Amino acid sequence: MSPTPTTHSQAYTYCAFCPKGCRHACPVSEASQVESLSTWGKMTAAHLVEQEQRPLDAETAEAVHACTGCLRCSSFCKHDNQAGPALFAARTQTIAAGLQPKGAASSLATFKEAQNPFGVELAALVQGWRAQSAVKYPLFPGCSTLVKRPGLIEDLLVVASAFGAPMGVARAAQGCCGYPLYAAGAHDAFREHARSMAQTLDQVPELVVLDPGCAYTLMKLYPSFGVTVKTRVRTVVEVLAENLPHAPARPPLPDTVGYHDACHLGRGLGQYDAPRALVKRAVAHLVEAPSNRREAGCSGGGGLLPRTMPEVSVEVARRQAVEAASGTDVAVVTACPTSKRMFERAGRRSFDVIGLLRRWLEAP
Ligand code: SF4
Ligand code: SF4
């Protein structure tokens, strides 16, 4: 009996028979210097397992987890092959086989227990930020910001108010978008979680999302799993850029910064100009990385890589910080809280766009 083709069979096959057209693009193989972790190597492993020509073992399980889901390989692929989603789907079998790498297994266990990746009660955190009265823009900060960077929410509320676009944290923010389930390959659980989240959002006509990973999940991943969100979902940078004409007239800071296009915001949602417009308003000099926009590098924070290959993920961030801001005195600016954290773990000075805007607004 021949193996049953799956949704991603064609993607695996294209890569397995490809002369490694995107060889230079994968941040994981570049940082690890391991050929079997190139896009071609990982997809060939998944192809051979699917074709029953290679057993699913610890080595193949590690290979399919060595992906941040950055989508960068697709930017260099003549077939527009989607290796990231295909590799995440290949993780599903590793759960059933008990072969998930430890970091991925523990992330999944925490999520199943608490319905978020941090194992905390998000409702209590959201309660502390709820607006006292109705606001124009209900905000979904994302659980990573709620738990690890609450100061960023304060920065955003100050900036949004100065831009004439008042925001307040929405009750819906007490739910996680479910991205960790997707990245772990728990795709049935992800679909169920997305359905439940979409039902919660039924009562919310509009939502402004701070974390590009959450925005990508709600706007792109949910529909790709057959879940419709009726809410009008926009990113924070999109809304702030739209309100730039209402921002105070102030001179830019005399700083030079390098901008990092976060993968989910850039390749995921096609938002390249809005964050640049905000950064250019706040500082005098914005340096473009040699590879930017659609071809930009990755900070190593996605796809559970910091949990499964922590050292490689930091090396990915270190390399991208050099790419985005080559001088050590030049700070890396990004619109993604996870990327900022990764750059800091790699020892680089980093700002998020919102923090930079607040510094600009409050400069003497
Ligand atoms: S993503 Fe495209 S270019 Fe890269 S290995 Fe696969 S088929 Fe080749
Ligand atoms: S999505 Fe990114 S990390 Fe994954 S194989 Fe492609 S380039 Fe590598």
Side-chain angles (χ1 to χ4, degrees), residues 7-51 60-92 94 101 103-104 179 182-185 212-213 216-217 220-221 224 260-269 289 291-320 323 336 338-339 342:
T7 317
H8 300 281
S9 295
Q10 180 174 297
Y12 301 138
T13 308
Y14 274 10
C15 288
F17 289 93
C18 174
K20 308 182 187 177
C22 64
R23 175 63 190 82
H24 66 292
C26 181
V28 180
S29 60
E30 289 296 293
S32 62
Q33 301 281 300
V34 175
E35 184 62 17
S36 59
L37 300 186
S38 65
T39 306
W40 170 84
K42 293 175 284 201
M43 291 288 277
T44 299
H47 170 75
L48 293 176
V49 167
E50 189 179 74
Q51 294 301 308
T60 42
E62 184 190 60
V64 300
H65 281 83
C67 170
T68 60
C70 72
L71 313 171
R72 188 168 189 238
C73 47
S74 307
S75 292
F76 295 92
C77 178
K78 295 283 185 209
H79 305 290
D80 193 27
N81 211 21
Q82 300 295 311
L87 289 169
F88 283 16
R91 297 175 183 185
T92 304
T94 70
Y179 174 83
Y182 169 68
Y216 174 74
T217 302
K220 298 289 182 180
L221 292 180
S224 76
H260 161 70
D261 283 288
C263 306
H264 288 134
L265 186 67
R267 278 182 291 275
L269 296 174
S291 293
N292 56 47
R293 294 180 179 253
R294 215 175 145 254
E295 297 183 356
C298 165
S299 70
L304 301 184
L305 197 73
R307 302 281 297 135
T308 53
M309 303 179 85
E311 284 162 21
V312 173
S313 74
V314 171
E315 176 60 12
V316 171
R318 192 193 65 75
R319 286 166 171 256
Q320 175 55 14
E323 170 84 7
C336 170
T338 302
S339 298
M342 291 306 299

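Counting convention: from 1, in listed order, for ligands and their atoms alike. Note that this is a predicted model, so its numbers are computed, not measured.
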What atoms of ligand 2 come closer than 4.0 angstrom to any heavy atom of T68?
3 (S)
Is atom CD of E35 surrounded by more than 12 heavy atoms (other residues, nucleotides or ligands) closer than 6.0 Å?
yes
Suppose we measure from atom 4 (Fe) of ligand 2 to each protein heavy atom; which comes out shortest, and what is that distance?
C67 SG, 2.3 Å
Output, in order, the C-alpha distance, side-chain angles, deciding distance and verdict of side chain to side chain donor-acceptor pair (under 3.5 Å) for S29 and S38.
CA-CA 5 Å; S29 60; S38 65; 5.5 Å; no
Any atoms of ligand 2 less than 4.0 Å from a non-hydrogen atom of K42? List them with their elements.
5 (S), 8 (Fe)
What is the closest protein heavy atom to atom 1 (S) of ligand 2, and at what distance does it sit?
L71 N, 3.3 Å
Which protein heavy atom lies closest to atom 2 (Fe) of ligand 1, and at what distance to 0.1 Å?
C77 SG, 2.3 Å
Can you tell me if, anywhere in C22, an N/O/S atom lies at a distance from atom 8 (Fe) of ligand 1 that is smaller than 2.8 Å?
no
Do the two ring centres, one from Y12 and one from H47, sit under 6.0 Å apart?
no
Check ion pair R319-E323 (N to O, under 4.0 angstrom)
no
So which protein heavy atom does atom 5 (S) of ligand 2 come closest to, and at what separation?
T39 OG1, 3.4 Å
Below 4.0 angstrom, N of the basic side chain to O of the carboxylate: do R23 and E30 qualify?
yes
When distances are taken from atom 6 (Fe) of ligand 2, the protein heavy atom at minimum range is C73 SG, 2.3 Å
Any carboxylate oxygen within less than 4.0 angstrom of a Lys/Arg side-chain nitrogen, looking at E311 and R318?
no
Relative to ligand 1, is A83 under 4.0 angstrom through side chain, backbone, both or neither, heavy atoms considered?
neither
Does atom CD of Q33 have more than 12 heavy-atom neighbours from other groups under 6.0 Å away?
yes
Can you tell me which residue and heavy atom of the protein come closest to atom 8 (Fe) of ligand 1, and the distance to 0.1 Å?
C18 SG, 2.3 Å
Out of all atoms in ligand 1, which are within 4.0 Å of some heavy atom of C15? Include the element for each.
1 (S), 5 (S), 6 (Fe), 7 (S)
Please state whether the rings of F76 and H24 are parallel, tilted or perpendicular, taking 30° and 60° as the class boundaries.
perpendicular
